[in-house]
2 protein chains.
Amino acid sequence: MKATKAVPETDVRLVELVIALFDEFREHANSCMGGFDLSAAHAAALLRLDTPLSQRELADCLKYDASNITGIVDTLEQRGLVERQVDPADRRIRRLVVTGEGSRVLAHLRKCFEEASLVGRLDDDERSQLRVLLTKAVGDRSNTSWAHMLRGRR
Amino acid sequence: MKATKAVPETDVRLVELVIALFDEFREHANSCMGGFDLSAAHAAALLRLDTPLSQRELADCLKYDASNITGIVDTLEQRGLVERQVDPADRRIRRLVVTGEGSRVLAHLRKCFEEASLVGRLDDDERSQLRVLLTKAVGDRSNTSWAHMLRGRR
DNA sequence: TATTGTTATACTCTATAACTATA
DNA sequence: TATAGTTATAGAGTATAACAATA
């Protein structure tokens with residue numbers, strides 16, 4: 001029975017381990033995106049466009065100012081990965097839809113991401129334990145995605 | 001005994017959990033640095049100067065081009081947190097030493113970092129298990145530090 | 001009037017290249 | 001000649017503000 005538990009001080013080593021794992025994955029992700037000649041912003045946008053969004057919605061969920069979306073979508077459109085479709089019900093809105101080519105790139109990109117050897121050093125049991133512990137540690141922070149990781153944010 | 005283990009595919013959920021934890025800590029770190037009016041680069045430099053370094057050495061271990069160090073150190077020096085001392089043995093070299101005020105800020109900054117509630121949701125046993133699992137998952141990636149986290153890198 | 005998207009602009013972060021002062 | 005540091009500059013990435021089209 002430990003006595004000093006009033007303020008649960010952070011285990012510094014745990015933080016460092018999480019940073020190390022994250023960093024390993026970030027390097028892997030950078031290498032994936034580089035392979036498709038996509039910047040982090042472009043990859044993040046593409047990953048979010050699995051379901052079509054207006055530019056405004058995309059800006060909101062990537063936490064970009066709306067003014068940045070124009071250029072990002074310009075590039076994706078020039079490369080034939082995404083199409084702007086004017087919403088017939090409200091002609092201010094451009095609905096962004098991934099093209100056939102965009103879908104192919106997206107699938108490859110996702111696959112590359114998933115090949116991270118991030119936890120390849122653990123066996124099935126250990127990974128299962130780890131998932132339980134991390135889920136508890138993370139608490140109610142559920143709004144996470146890979147696109148989320150691709151930005152320095154703030 | 002599972003059969004499909006040839007290529008240990010990444011557990012996507014595990015990656016997302018690591019991202020979520022990292023992101024929580026990054027937000028906390030940003031808030032700490034903001035409290036001291038330090039940018040990520042300034043905070044990272046200060047954290048590295050626990051032991052004195054030349055500007056070149058600081059650039060190397062922060063993985064900055066040397067040209068960036070000048071401005072960063074300028075600011076830290078103007079704020080009285082760091083001093084440039086000409087190395088008497090080689091007058092090209094500026095040895096960077098943290099001032100008394102710099103030490104105080106550094107201590108507060110570290111303390112703020114350590115107050116992350118990152119794993120406050122786990123009890124001692126769970127944290128111990130988590131540390132074992134993460135250590136194994138991380139493998140030989142040992143060169144991690146908080147300064148490391150403060151950069152988008154690449 | 002309010003909202004979507006665009007443009008122009010500015011600021012931060014980081015790298016490259018040319019320079020200086022030492023060695 | 002080579003190295004430590006500085007300066008000037010350029011390129012990303014992102015934000016703010018003003019604007020046009022539409023609601």
Side-chain angles (χ1 to χ4, degrees), chain A residues 26-27 29-30 33-34 37-49 52-78 82-97 147-154, chain B residues 26-27 29-30 33-34 37-49 52-78 82-97 147-154:
Chain A
R26 176 164 54 190
E27 272 179 34
N30 281 335
M33 297 187 295
D37 197 26
L38 290 170
S39 75
H42 294 109
L46 209 48
L47 287 166
R48 285 288 186 178
L49 288 176
L53 297 174
S54 73
Q55 295 193 187
R56 167 69 49 180
E57 290 166 335
L58 181 59
D60 288 345
C61 75
L62 292 180
K63 299 201 173 83
Y64 275 101
D65 184 89
S67 64
N68 296 304
I69 301 299
T70 303
I72 293 168
V73 173
D74 281 352
T75 305
L76 292 174
E77 198 173 36
Q78 280 157 29
V82 159
E83 255 188 26
R84 281 177 167 103
Q85 292 178 358
V86 176
D87 186 327
D90 181 343
R91 297 189 5 259
R92 291 173 301 183
I93 293 174
R94 317 285 137 143
R95 198 138 297 273
L96 303 173
V97 296
H148 200 221
M149 179 212 64
L150 299 178
R151 304 200 55 205
R153 303 203 327 119
R154 220 196 180 328
Chain B
R26 175 163 54 191
E27 272 178 35
N30 282 334
M33 297 185 296
D37 197 26
L38 290 169
S39 76
H42 294 110
L46 208 49
L47 287 166
R48 285 288 186 175
L49 289 177
L53 297 173
S54 73
Q55 296 193 186
R56 167 69 49 180
E57 289 166 335
L58 181 60
D60 287 346
C61 75
L62 292 180
K63 298 200 173 86
Y64 275 101
D65 184 90
S67 64
N68 296 304
I69 301 299
T70 302
I72 293 168
V73 173
D74 282 351
T75 305
L76 292 175
E77 198 173 37
Q78 279 157 29
V82 160
E83 255 187 25
R84 281 179 166 103
Q85 292 179 357
V86 175
D87 186 327
D90 181 343
R91 299 194 357 265
R92 292 172 302 181
I93 294 175
R94 319 285 137 145
R95 199 139 296 274
L96 304 173
V97 295
H148 200 219
M149 179 212 63
L150 300 178
R151 305 200 54 206
R153 303 206 325 119
R154 233 216 164 312

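In what follows, chains are A, B, ... by sequence order, proteins preceding strands, each numbered from 1.
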task: Could you run through nucleotides 5-10 of chain D and give me one letter per nucleotide, 5' to 3': B if any protein heavy atom sits under 4.0 Å from the base, S if only the sugar-phosphate is that close, - if neither?
output: SBB---
message: Under the side-chain contact (heavy atoms from CB on, under 4.5 Å) test against Leu58(B), which residue among Asn68(B), Val82(B), Leu53(B) passes?
response: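 When Asn68(B), Val82(B), Leu53(B) are each tested with Leu58(B), the side-chain contact (heavy atoms from CB on, under 4.5 Å) holds only for Leu53(B).
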task: With Leu96(A) as reference, evaluate Leu49(A), Leu46(A), Leu76(A) under the side-chain contact (heavy atoms from CB on, under 4.5 Å) test and give the passing residue.
output: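 The single option meeting the side-chain contact (heavy atoms from CB on, under 4.5 Å) with Leu96(A) is Leu49(A).
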field: Nucleotide nearest Ala41(B) when distance is taken to its side chain, options dA15(D), dT22(D), dT14(C)
entry: dT14(C)
Please report the distance, rounded to the nearest Å, between [atom1] in [X] and [atom2] in [N].
| X | N | atom1 | atom2 | value |
| --- | --- | --- | --- | --- |
| Asp90(A) | dA2(C) | CG | P | 17 Å |
| Met33(A) | dA12(D) | CE | P | 16 Å |
| Leu62(A) | dG13(D) | CG | C1' | 14 Å |
| Arg91(A) | dT3(C) | CZ | P | 19 Å |
| Asp60(A) | dA15(D) | CG | P | 12 Å |
| Leu150(A) | dA12(D) | CG | P | 19 Å |
| Leu58(B) | dA4(D) | CG | C1' | 13 Å |
| Asn30(A) | dA12(D) | CG | C1' | 14 Å |

N-O pairing of Asp74(B) and Arg84(B) below 4.0 Å: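 Yes.
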message: Could you measure the distance from the CD atom of Glu57(B) to the CZ atom of Arg95(B)? Nearest 0.5 Å is fine.
response: 5.0 Å
- prompt: Nearest 0.5 Å, what's the CZ-CD1 distance between Arg94(A) and Ile69(A)?
  reply: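 Result: 14.5 Å between the selected atoms.
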message: Show the nearest heavy-atom pair for residues Ala41(A) and Ile72(A), with the distance to one decimal.
response: CB-CD1, 3.9 Å
